Q: 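This structure is in structure tokens; I'll ask about it shortly.
We count ligands from 1, going down the list as the structure has it; atoms in each ligand are counted the same way. The basis for the numbers below is simple: all heavy atoms, side chains too, and nothing from hydrogens, waters or symmetry mates. Keep in mind that this is a model prediction, so the values were computed, not measured. Along the sequence shown, the residues carry numbers beginning at 1.
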Amino acid sequence: MTSRWTTAVLDTDQPGGWAVARSPEGFLFDDNGALFPREWLKRQDLSVLAEHGIGHLDGEPVYLLELRSHSDVPGCNWKGLRAFMLDGDHTVYKVLGYAAQIGTWAREHRFCGNCGQAMIQVPRERAMYCEPCDLRSYPRISPSMIVLVTRGDEVLLARSPRFVTGVYSTLAGFAEPGESAEDCLIREVREEVQIEVKNIQYMGSQCWPFPHSMMLGFHAEYAGGEIVCQEDEIEDAQWFNVHELPPLPASRSIARYLIDVYVARRLGHAEPVLPG
Ligand SMILES: NC(=O)C1=CN([C@@H]2O[C@H](COP(=O)(O)OP(=O)(O)OC[C@H]3O[C@@H](n4cnc5c(N)ncnc54)[C@H](O)[C@@H]3O)[C@@H](O)[C@H]2O)C=CC1
Ligand SMILES: [Mg+2]
Ligand SMILES: [Zn+2]
């Protein structure tokens with residue numbers, strides 16, 4: 001299967017193509033979605049911070065206009081990336097997720113972290129460059145482990161105070177320097193619920209552009225301990241029977257995929273497919 005969306009570093013001096021506009025309020029959209037004819041979009045009254053050529057959608061070039069602030073465009077509105085993730089065309093969400101990560105990274109790397117001088121976009125490469133320091137900064141990706149811990153018919157799910165009311169999810173956390181994926185997983189499960197795990201199995205990965213996580217998904221079996229929730233991070237954690245699950249995370253998340261796969265295996269149903 002050929003992919004509808006491929007990333008590329010495009011020359012912003014070339015005319016034409018599609019463009020998306022991103023402000024701190026999210027992406028601009030109208031009845032046709034979030035992709036606009038680029039020449040039309042550039043004629044609107046937008047406070048453009050930077051333009052990036054980000055890839056091809058169905059063979060057409062796509063650009064990002066990263067804005068300082070949002071402004072009123074007749075017939076259009078602004079919407080956050082999360083809303084595009086929850087609903088609508090998955091390929092468009094992938095385009096916007098990539099655009100958001102490039103926009104965030106370029107915005108946060110306008111100045112050199114070493115000497116503080118202005119950095120420049122490197123032509124034909126996704127990098128910001130400081131000439132005096134000969135320093136290149138590339139888009140940042142933060143590896144995060146996410147794990148479904150199980151004990152027979154039971155799955156361990158937890159709530160962060162940040163979650164939507166009632167929703168329980170798998171445990172997750174960012175890798176620290178010096179850790180393997182497995183080290184991180186074991187540490188996060190210990191820190192968040194004081195449970196020990198065994199038989200760690202890699203299940204798949206997912207880009208999570210909020211703002212730049214790369215989720216590495218695992219399954220692990222319970223090996224010991226009683227649940228003790230980490231203060232401030234975990235509001236509640238419980239063992240749930242696969243027949244009596246609480247409200248779960250969004251269907252496009254890897255958290256949901258990890259849960260759905262295990263439930264399907266226990267119940268002998270067809271396994272779901274991880275959204276890319
Ligand atoms: N796609 C999915 O299904 C899910 C994705 N996630 C994502 O996984 C990531 C990690 O989950 P959490 O439980 O929030 O992490 P966590 O358990 O490591 O705790 C969050 C804390 O980590 C620190 N932190 C923030 N950004 C960091 C970074 N880039 N590197 C290192 N430490 C950082 C902060 O102190 C923050 O309060 C988040 O981006 C979250 O949105 C979480 C659950 C489901
Ligand atoms: Mg966590
Ligand atoms: Zn510098």
Q: Can you check which of Gln206, Met215, Glu192 brings a heavy atom nearest to atom 17 (O) of ligand 1?
A: Glu192

Q: Taking atom types as modelled and ignoring hydrogens, do the side chains of Glu154 and Asn241 form a donor-acceptor contact shorter than 3.5 angstrom?
A: no

Q: Is any NZ, NE, NH1 or NH2 atom of the basic residue among Arg159 and Asp236 found under 4.0 Å from an Asp or Glu carboxylate oxygen of the other?
A: no

Q: I'd like to check atom 5 (C) of ligand 1 in this structure: does the protein have a heavy atom lying under 4.0 Å from it?
A: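 So atom 5 (C) of ligand 1 has protein heavy-atom neighbours under 4.0 Å.
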
Q: Please give the atom name: the N, O or S atom of Glu192 nearest to the Mg ion (ligand 2).
A: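 Closest N, O or S atom of Glu192 to the Mg ion (ligand 2): OE2.
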
Q: Assess whether salt bridge (Lys or Arg N to Asp or Glu O under 4.0 Å) is satisfied between Arg265 and Glu271, documenting all intermediate values.
A: CA-CA 7 Å; Arg265 285 182 186 171; Glu271 287 187 21; 2.7 Å; yes

Q: Show me which atoms of ligand 1 lie under 4.0 Å from any heavy atom of Ser213.
A: 9 (C), 38 (C), 39 (O)

Q: Report the part of Ala172 in contact with ligand 1, treating N, CA, C, O as backbone and CB onward as side chain, heavy atoms under 4.0 Å; options are side chain, backbone, both, neither.
A: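 Looking at Ala172 and ligand 1, atoms from backbone and side chain both fall under 4.0 Å.
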
Q: Would you say Ala172 reaches the Mg ion (ligand 2) with an N/O/S atom under 2.8 Å?
A: yes

Q: So which protein heavy atom does atom 3 (O) of ligand 1 come closest to, and at what separation?
A: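 For atom 3 (O) of ligand 1, the nearest protein heavy atom is Ala255 N, 2.9 Å.
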
Q: Donor-acceptor pair, Ser253 side chain versus Arg256 backbone, under 3.5 Å?
A: yes

Q: Would one find more than 12 heavy atoms of other residues, nucleotides or ligands at under 6.0 Å from atom CD of Glu39?
A: yes

Q: Just to check, does Arg256 reach to within less than 4.0 Å of ligand 1 when the distance is taken from its heavy atoms?
A: no

Q: Are Arg38 and Glu60 close enough for a salt bridge, meaning some N to O gap below 4.0 Å?
A: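 No salt bridge links Arg38 with Glu60.
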
Q: For atom 18 (O) of ligand 1, grab the closest protein heavy atom and report residue, atom and distance to one decimal in Å.
A: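 In this structure, atom 18 (O) of ligand 1 has Phe174 N, 3.0 Å as its nearest protein heavy atom.
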
Q: What protein heavy atom sits nearest atom 41 (O) of ligand 1, and how far away is it?
A: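 The closest one turns out to be Trp208 NE1, 3.1 Å.
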
Q: Which one holds for Leu171 and ligand 1: side chain close, backbone close, both close, or neither close, with close meaning a heavy atom under 4.0 Å?
A: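 The answer is neither.
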
Q: Are the side chains of Val62 and Val95 in touch, meaning some heavy atoms are under 4.5 Å apart?
A: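 SC-SC contact between Val62 and Val95 confirmed.
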
Q: Assess Lys79 against Phe27: is NZ or CZ under 6.0 Å from the centre of the six-membered ring, and within 45 degrees of the ring's axis?
A: no

Q: Can you pull out the closest protein heavy atom to atom 16 (P) of ligand 1? Residue, atom name and distance to 0.1 Å, please.
A: Gly173 CA, 3.6 Å

Q: At a 4.0 Å threshold, what atoms of ligand 1 neighbour a non-hydrogen atom of Ser142?
A: 29 (N)

Q: Have a look at ligand 1 and work out which part of Glu188, if any, has a heavy atom under 4.0 Å from it: side chain, backbone, both or neither.
A: side chain

Q: Salt bridge check, Arg190 against Glu196: does any charged N sit closer than 4.0 Å to a carboxylate O?
A: yes

Q: Is any heavy atom of the protein nearer than 4.0 Å to atom 43 (C) of ligand 1?
A: yes

Q: Considering Ile259, Ile254, Leu258, which one's heavy-atom position lies nearest to atom 2 (C) of ligand 1?
A: Ile254

Q: Compute the minimum heavy-atom distance from Arg162 to ligand 1 and say whether it is under 4.0 Å.
A: yes

Q: Cation-pi between Arg126 and Tyr138: NZ/CZ under 6.0 Å from ring centre and within 45° of the ring axis?
A: no

Q: Is a side-chain N or O of Gln206 found less than 3.5 angstrom from the main chain of Arg252, in a donor-acceptor match?
A: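 Flag set: sc Gln206 to bb Arg252 pair under 3.5 Å.
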
Q: Using the Zn ion (ligand 3) as the vertex, how large is the angle between SG of Cys112 and SG of Cys130, rounded to 10 degrees?
A: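 Seen from the Zn ion (ligand 3), SG and SG are separated by roughly 110°.
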
Q: Output yes when a side-chain donor or acceptor of Arg68 lies under 3.5 Å from a complementary backbone atom of Val48, and no otherwise.
A: yes

Q: Protein heavy-atom contact under 4.0 Å for atom 32 (N) of ligand 1?
A: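 Under the 4.0 Å cut-off, atom 32 (N) of ligand 1 does have protein heavy-atom neighbours.
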
Q: Between ligand 1 and Glu233, can you find any atom pair, the residue atom being a heavy atom, that is separated by under 4.0 Å?
A: yes

